[in-house]
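Order of the sequence lines fixes the chain letters, A, B, ..., with proteins taken first and strands second; residue numbering starts at 1 for each chain. Note: hydrogens, waters and symmetry copies are ignored here, and every other heavy atom, side chains too, is used.
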Number of protein chains: 2
Amino acid sequence: MGKEYLDNEITEQRLNQLVQALDSGLFVHARNMLHTMSPNDVALILESSPPKNRQVLWQLIDQQYAGEILDELGEELKDSLISSMTPEKLAQATIGMDTDDLAYILRSLPDGVYKKVLKSMRSQDRDRVEQALRYPDDTAGSIMNTDTVTLRPDVNIEVVLRYLRQRGNLPDTTDTLYVVDRQDHVLGGVRLVDLLTCDPSVTVRSIMDTELESIPVEMSDKDVAQKFERLDWLSAPVVDSQAKLLGRITIDDIIDVIREDAEHSMMGMAGMDDDEDTFGPVLKSTLRRSLWLTINLFAALLASSVSNMFEGTLEQFATIAILMTIVPSMGGVAGNQTLALVIRGIALGHIGQSNSRWLIGKELSIGLLNGLMWSILVFFAVWLWKDDIALGGLIGCAMLINMTVAGFAGATIPIMLKKLNIDPALAGGMVLTTVTDVVGLFAFLGLATLFLIH
Amino acid sequence: MGKEYLDNEITEQRLNQLVQALDSGLFVHARNMLHTMSPNDVALILESSPPKNRQVLWQLIDQQYAGEILDELGEELKDSLISSMTPEKLAQATIGMDTDDLAYILRSLPDGVYKKVLKSMRSQDRDRVEQALRYPDDTAGSIMNTDTVTLRPDVNIEVVLRYLRQRGNLPDTTDTLYVVDRQDHVLGGVRLVDLLTCDPSVTVRSIMDTELESIPVEMSDKDVAQKFERLDWLSAPVVDSQAKLLGRITIDDIIDVIREDAEHSMMGMAGMDDDEDTFGPVLKSTLRRSLWLTINLFAALLASSVSNMFEGTLEQFATIAILMTIVPSMGGVAGNQTLALVIRGIALGHIGQSNSRWLIGKELSIGLLNGLMWSILVFFAVWLWKDDIALGGLIGCAMLINMTVAGFAGATIPIMLKKLNIDPALAGGMVLTTVTDVVGLFAFLGLATLFLIH
């Protein structure tokens, strides 16, 4: 805990000092501070700065690390910085960048700029780019690196060790060397640990792990992440449809996928785009958020039109109007609890054909049980408050109906959306709230109309 | 995409076959199927099964892998299976389990069982347990493993290589050996890659990385995860307050922390405990969820009591009652968008003293802009619907007020909660919705009372 505090403190302090330096026009001082920081820390500081300071900071950083810093930034900020760079500067920044990040940046450029950047690149980098751009976004191909080191099966470990010493280094986060035949088919893998602990006189074939699973290049990156998580992998070879080695995916890329996926669910449930930059410009953010608000306006008008059907009742009994928000509100919360549980279950791969009916039954039972519990509570609450036992009974019945529907809808909506290939994290909450609002109002106002109006 | 489908299909199919086998009483067949699966797949199947089948499946699995399977399960399911095991079986299952998981399991046992399990364990495992239990949950200590391999600085690499060959293996996911002095102080690290590529005649000291950062044992696991993510680490040494080596944290443990943290935020925002088992028993789930519903009932009653203050207005104008849910609903959605953004920003460490005021100002501006946009829209919508320009004007004004408050509250509430050491993902949504409901109703009903009642 002490250290946690300290760590945030240091970033805080640095940020404060930087902001002060910028505000007082001490640009040389600010530049010197930036140059002593790691690319990761510079990225963190850029993310945490308002737009005005970002452009200044970006001018002051060591251009040599521009690529590494860009790698670490969120998409919206990355895009805005890239669009402010000249093609020459961009080409320079791409030197030493990971293939996957390089492809990302080039994909986001307008055509004219793209060609200029390619022209300014060194030829070997240009080859890498062309390779990387071949695979669509969100697939194994888009997150793989092509800098794999391969071995032949019939070589002695002694020879391998000599080769490695000559080579002098291995690509970042290499933990396994892949064994391939002459056609580049993956035969197995040899972990660095095995090279260090085995008898050097044996062949690669005799120690290689032939059970090594390869990732098809077109597999979705989320599925790759699930595999890594489930099987505790550190890296895996990526192959084409002929099982030929194309590259490797390492766990640091997987962490980004997991983080993005989680952010996507969390932000999506609140009707937000997970690309949205926390410190981005006001107008852009406002427009980004308006789609969700538009949909909600329609949902709210729909709920109002339900109330409108019972105008007569509302005219006669103001108390009904006062109480009519309670039932939809409780249904919304109960339904959202179920929704969150089911969305997580789908994301973890726990929910399928064989158990979804059981799950819906379970959530329906919880809804019924919840309904009974809360209808009794709200019956007493309203009876005591309004001194009207009939009114208490009405709201209790409406609560029972709406909570049961909420449990059922909370479970079925995401499962149905998933079947329709619509992301349940994005659309689920809005559909659900509309259902619980409409059913809640209908139940309460309908019952009130039936039993109170004579 | 093809493969993704296939992968889920295979799990689906297996699950279906297993369920069929269980339903037809073919237990031997089911057991044979289970024995051919990896512990990870068995865990997935347990997670995906209703309670009735789980107990049967658990009886059928190969007890030799019970520990590994338990490792992979969610907390609620893990707890329920553990509670059904005899101390002897539990002790047997703990053989070969990672230290951190072992500690988790022992922590969750009742005292009597705990002592019996300890007694049935081998003495070397007992030592590991005592070590692991020393550190509180959610700290670096609780996720570290103690099976580190250390080197002395003045030894030649040649000697190290000979030692490793004699040793024959290294602990799982070892990528770096730590260099320590006689008092176990960490001096640096040597990556396996370096051992393979360096000249074997030099000393450990000459190739070790002295910049290696150590993790204090009491650091929170979330902060450790942030460090791993930010600095792209695969592993890190864990030290006590005297900088003495205690163990190491590897990236596979970090992925669990990240996943749990993300689930916690997502489930927490919906008022759910992230431990909740998707296929758990109905009664337990119902009780778990009731806290949130209780709080919501109070919030809903609070909103109703606001409406109650304007009973006179509602008595005179049923249309007001019909429209009164629109303003709170829009404010709730807009506020939740801001809330999700700020909660993510806090989780990523982007928001601090230096920029929170700027951020609140930005979200306030977005709220104002949103308010202007939607107040104009809703003004026209209501004017057209109810053919009443004054009513349209009233609801428009209320919308402007509530959207602006929503932007402000959405940004300030999580920042304030964080300062009070309350998890914003847990409490934020409820506090925010209460604010937007109360302000929305107050603004609309208050304006209506002022301008319509004469």
- Which atoms of B:Glu72 come close to chain A, meaning under 4.5 Å heavy atom to heavy atom: side chain ones, backbone ones, both, or neither? side chain
- Let me know if B:Glu263 has heavy atoms under 4.5 Å from chain A in its side chain, its backbone, both or neither. side chain
- Message: Heavy-atom pairs under 4.5 Å with chain A - which of B:Glu47, B:Met430, B:Met324, B:Arg191 has more of them than the others?
- Response: B:Glu47
- Side chain, backbone, both or neither: which part of B:Val378 has a non-hydrogen atom closer than 4.5 Å to chain A? side chain
- Item | Residue B:Thr338 versus chain A: region with a heavy atom under 4.5 Å | both
- Item | Contact class of B:Thr433 relative to chain A, heavy atoms under 4.5 angstrom | neither
- Message: Given heavy-atom pairs under 4.5 angstrom as the criterion, report whether the side chain, backbone, both or neither of B:Ile215 touches chain A.
- Response: neither
- Query: Any side-chain heavy atom of B:Leu196 sitting closer than 4.5 Å to one from A:Arg165?
  - Reply: no
- For B:Met309, is it the side chain, the backbone, both, or neither that has a heavy atom closer than 4.5 Å to a heavy atom of chain A? neither
- Query: Between B:Pro281, B:Ala270, B:Pro328, B:Gly332, which shows the greatest number of heavy-atom pairs under 4.5 Å with chain A?
  - Reply: B:Ala270
- Message: I need the B:Lys362 NZ to A:Thr286 OG1 distance, nearest 0.5 Å.
- Response: 8.5 Å
- Contact check, side chains of B:Trp358 and A:Ser49, non-hydrogen atoms, under 4.5 Å: no
- chain B shares the most heavy-atom pairs under 4.5 Å, among A:Asp261, A:Leu341, A:Asp199, A:Asp194, with A:Leu341
- Message: Please classify the contact between B:Leu161 and chain A as side chain, backbone, both or neither, with a heavy-atom cut-off of under 4.5 Å.
- Response: both
- Item | Approximate separation, where rounding is to 0.5 Å, of B:Met403 CE and A:Leu293 CG | 4.5 Å
- Query: Given the options A:Leu359, A:Asp232, A:Asp437, A:Val160, which has more heavy-atom pairs under 4.5 Å with chain B than any of the others?
  - Reply: A:Leu359
- Query: Can you check whether A:Trp385 reaches B:Asn308 side chain to side chain, under 4.5 Å on heavy atoms?
  - Reply: yes
- Region of B:Trp233 in contact with chain A, defined by heavy-atom distances below 4.5 Å: neither
- Could you tell me which of B:Met373, B:Arg167, B:Glu229 has the largest number of non-hydrogen atom pairs under 4.5 Å with chain A? B:Glu229
- Task: Give the member of B:Lys222, B:Glu315, B:Glu276, B:Gln337 that has the highest number of heavy-atom pairs under 4.5 Å with chain A.
- Result: B:Gln337
- Task: Provide the closest heavy-atom pair for B:Leu44 versus A:Leu348 in the form atom of the first, atom of the second, distance.
- Result: CD1-O, 3.9 Å
- Query: Does any non-hydrogen side-chain atom of A:Asp175 lie less than 4.5 Å from one of B:Asp175?
  - Reply: no
- How many angstroms lie between atom CD1 of B:Ile254 and atom CD1 of A:Ile258, to the nearest 0.5 angstrom? 11.5 Å
- Query: With respect to chain A, which residue among B:Leu301, B:Leu287, B:Leu234 yields the maximal number of heavy-atom pairs within a distance under 4.5 Å?
  - Reply: B:Leu234
- Task: Test A:Val342 against B:Thr278 for side chain to side chain contact (heavy atoms under 4.5 Å, CB included), laying out the working first.
- Result: CA-CA 7 Å; A:Val342 176; B:Thr278 315; 5.6 Å; no
- Item | Under 4.5 Å from a heavy atom of chain A, the part of B:Arg344 involved | both
- At their closest point, which heavy atom of B:Ser285 faces which heavy atom of A:Ile366, and how far apart are they? CB-CD1, 3.3 Å
- Would you mind checking which part of A:Thr174 comes under 4.5 Å of any heavy atom in chain B, side chain (CB onward), backbone (N, CA, C, O), both or neither? backbone
- Query: Heavy-atom distance under 4.5 Å to chain A: side chain of B:Thr250, backbone, both or neither?
  - Reply: neither
- Task: Please list, chain by chain and in numerical order, all residues satisfying side-chain contact (heavy atoms from CB on, under 4.5 Å) with A:Ser329, sequence neighbours excluded.
- Result: B:Asn296, B:Ala300
- Message: Taking A:Glu363 first and then B:Arg289, would you say they form a salt bridge - that is, a charged N and a carboxylate O separated by under 4.0 Å?
- Response: yes
- Task: Specify which of A:Leu231, A:Val333, A:Thr173, A:Asp252 makes the most heavy-atom pairs with chain B at under 4.5 Å.
- Result: A:Val333
- Task: Flag the one option from B:Ala340, B:Ala262, B:Ala347 with the top tally of heavy-atom pairs under 4.5 Å to chain A.
- Result: B:Ala340
- Distance col, row A:Met269:CE vs B:Asn336:CG, nearest 0.5 angstrom, shows 10.0 Å
- Query: Rounded to the nearest 0.5 Å, how far does CG of A:Asn355 lie from CD1 of B:Ile45?
  - Reply: 11.0 Å
- Item | Intermediate values then yes/no, side chain to side chain contact (heavy atoms under 4.5 Å, CB included), A:Thr294 and B:Trp374 | CA-CA 9 Å; A:Thr294 310; B:Trp374 298 104; 3.1 Å; yes
- Are B:Ile326 and A:Leu297 close enough that some pair of their side-chain heavy atoms sits under 4.5 Å apart? yes
- Are any of the side-chain heavy atoms of A:Leu314 and B:Phe317 separated by less than 4.5 Å? no
- Item | A:Ile343 and B:Met266, any side-chain heavy atoms less than 4.5 Å apart | yes
- Item | Part of B:Asp277 within contact of chain A (heavy atom distance under 4.5 Å) | backbone
- Can you find a heavy atom in the side chain of B:Glu311 that is under 4.5 Å from one in the side chain of A:Thr319? yes
- Message: Using 0.5 Å steps for rounding, measure from the CD atom of A:Gln166 to the OG1 atom of B:Thr197.
- Response: 12.5 Å
- Examine whether an atom of B:Ser305 lies under 4.5 Å from a heavy atom of chain A, and if so say whether it belongs to the side chain, the backbone or both; otherwise answer neither. both
- chain B heavy atoms under 4.5 Å from A:Ile251: which part of the residue, side chain, backbone, both or neither? side chain
- Note on the structure: When every non-hydrogen atom of A:Leu323 is compared with those of B:Ser304, the smallest separation belongs to CA-OG, 4.1 Å
